[in-house]
Amino acid sequence: MTVPTALTADALVARHAATLAAAGVPTPGVDARLLVRAVLGGTRDGALAGDDPRLSELDRLVAERSRRIPLQLVLGATWFRHLRLVCRPGVFIPRPETEIVAGVAIAAARDAGPRPVVVEPCTGTGAIALAVATEVAGAQVHAGDVSDDAVALARENLAAVEAGDADVAGLADGAHVTITPSDLLSGFPEDLRGTVDVLVSNPPYLPAGDRPTWEPEVADHDPDAALVGGRDGHEVVDALLALSAEWLRPGGTVVLEIDDRRGPDAIRAAEAAGLTVAAIVPDLTGADRAVRATRREERP
Ligand SMILES: C[S@@+](CC[C@H](N)C(=O)[O-])C[C@H]1O[C@@H](n2cnc3c(N)ncnc32)[C@H](O)[C@@H]1O
């Protein structure tokens, strides 16, 4: 009789990292460790018997990742600031650089007073809206998306936050979130026009011509409408800057994630919309990642 060999977590990581590397996965070691951790529940102690049923579950997840399905879809979730967000095919997967964009909006909302009104078009999973609502006391957040799948998933992620599910940050004191089907701002209450303290968004902002350069995880799994902002790439950014001039209160702030090659264009578009550009915000790699601008105060 053959005695199954015991396997340590480190041995499993090494074995599956080699499989993922052979499949062309860009970060095989990190992905293997996260998949092993997802199946073993975080423990790195002891060894698994070679016939442990969790090993076949791990093999199944590694096979999916080897087909270049994004790690977040294999695991069904991702982390974003203090949140664990459910991820699902058909809805854009939140990216780490957007955590910085959310952080700029959070700072602006905190500066705005006790019940800041924050609107977030293009919400996807609800990542930015929920980050604001879990980190800013009193925030009144209105989020929307043109995709029905995104609206459904954002509502599901909101329900987990409202329910105080384990592993998920809860709503900040007095914060409230509404998620609405909305093409840009068209689905938001009209009476918000001219009253918004912070408009924040990570809209589609890539040019269609970039498609051939995308990794399979992006090209085959992120919805095209979440990525491409018209032929020139910044059509949605430009539209949101123009809308900001109408929807922000005087002194209100807009924060938009942008194509890192388009910082100077974003400044020009904000100024053309009548806004005062406060900053181009770099991400952790130093790339131009967001534009922050304000609506001018009205003169007495
Ligand atoms: C780059 S994704 C960002 C999603 C989310 N904010 C995040 O950072 O993870 C862009 C999102 O904009 C949505 N979208 C595209 N065009 C839109 C429009 N005209 N109005 C509203 N949402 C739109 C897409 O469905 C997608 O969910």
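Remember, it's 1-based here, ligands and their atoms both numbered in the order they're listed.
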(request) Identify the heavy atoms of Val101 and Val200 that sit nearest to each other, and give their distance. (result) CG1-CG2, 4.1 Å
(request) Consider only side-chain N and O atoms of Ser201 and Glu257, and report whether a donor and an acceptor are under 3.5 Å apart. (result) no
(request) Give yes or no for whether the N/O distance cutoff of 3.5 Å, strictly under, is met between Val146 and ligand 1. (result) yes
(message) As an exercise, identify every atom of ligand 1 less than 4.0 angstrom from a heavy atom of Ser147.
(response) 25 (O)
(message) Out of all atoms in ligand 1, which are within 4.0 Å of some heavy atom of Ala225? Include the element for each.
(response) 15 (C)
(message) Please list the nearest protein heavy atom to atom 7 (C) of ligand 1 with its residue and the distance rounded to 0.1 Å.
(response) Asn202 ND2, 3.8 Å
(message) Count I, L, V, M, F, W, Y as connected when their side-chain heavy atoms are under 4.5 Å apart, and connections chain through other members. Are Val132 and Val161 then in the same cluster?
(response) yes
(request) Assess Arg84 against Phe80: is NZ or CZ under 6.0 Å from the centre of the six-membered ring, and within 45 degrees of the ring's axis? (result) no
(message) Pairs of nitrogen or oxygen atoms closer than 3.5 Å, one from Asp145 and one from ligand 1: do any exist?
(response) yes
(message) Tell me the protein heavy atom at minimum distance from atom 12 (O) of ligand 1, and give that distance in Å.
(response) Cys122 CB, 3.1 Å
(request) Starting from the C-alpha separation in whole Å, work towards a yes-or-no answer on side chain to side chain contact (heavy atoms under 4.5 Å, CB included) for Leu275 and Glu271. (result) CA-CA 5 Å; Leu275 300 165; Glu271 288 174 347; over 6 Å; no
(message) Can you give me the closest heavy-atom contact between Ala266 and His234, atom names plus distance?
(response) CB-CE1, 4.5 Å
(message) Under 4.0 Å from a heavy atom of Thr123: which atoms of ligand 1 are those, numbered in the order shown and with their elements?
(response) 4 (C), 5 (C), 6 (N)
(request) Give the atoms of ligand 1, by number and element, whose distance to some non-hydrogen atom of Ser182 is under 4.0 Å. (result) 20 (N), 21 (C)
(request) Considering the heavy atoms of Thr98, write down every atom of ligand 1 situated less than 4.0 Å from one of them. (result) 8 (O)
(message) Quick one: does any side-chain atom of Arg65 pair with a main-chain N or O of Leu35 as donor and acceptor, under 3.5 Å?
(response) no
(request) Considering the heavy atoms of Pro204, write down every atom of ligand 1 situated less than 4.0 Å from one of them. (result) 10 (C), 12 (O), 15 (C), 16 (N)
(request) Check each heavy atom of Glu120 against ligand 1 and say whether those closer than 4.0 Å belong to the side chain, the backbone, both or neither. (result) side chain
(request) Could you give me the CA-CA distance, side-chain angles and deciding distance for Glu57 and Arg60, then say whether salt bridge (charged side-chain N to carboxylate O under 4.0 Å, His left out) is met? (result) CA-CA 5 Å; Glu57 169 66 359; Arg60 188 181 67 75; 3.1 Å; yes
(request) Among all protein heavy atoms, pick the one closest to atom 20 (N) of ligand 1 and tell me residue, atom and distance. (result) Leu184 N, 2.8 Å
(request) Show your working on side chain to side chain donor-acceptor pair (under 3.5 Å) between Thr285 and Asp283 and close with a plain yes or no. (result) CA-CA 5 Å; Thr285 71; Asp283 62 22; 2.6 Å; yes
(request) Tell me which protein heavy atom sits closest to atom 18 (C) of ligand 1, plus the residue, atom name and distance to 0.1 Å. (result) Asp183 OD1, 3.6 Å
(request) Taking Asp145 for its side chain and Thr123 for its backbone only, find out whether a donor-acceptor pair lies under 3.5 Å. (result) yes
(request) Check Val236 against ligand 1 and report side chain, backbone, both or neither, counting heavy atoms closer than 4.0 Å. (result) neither
(message) What protein heavy atom lies closest to atom 1 (C) of ligand 1? Include the residue and the distance to one decimal.
(response) Ala226 O, 2.9 Å
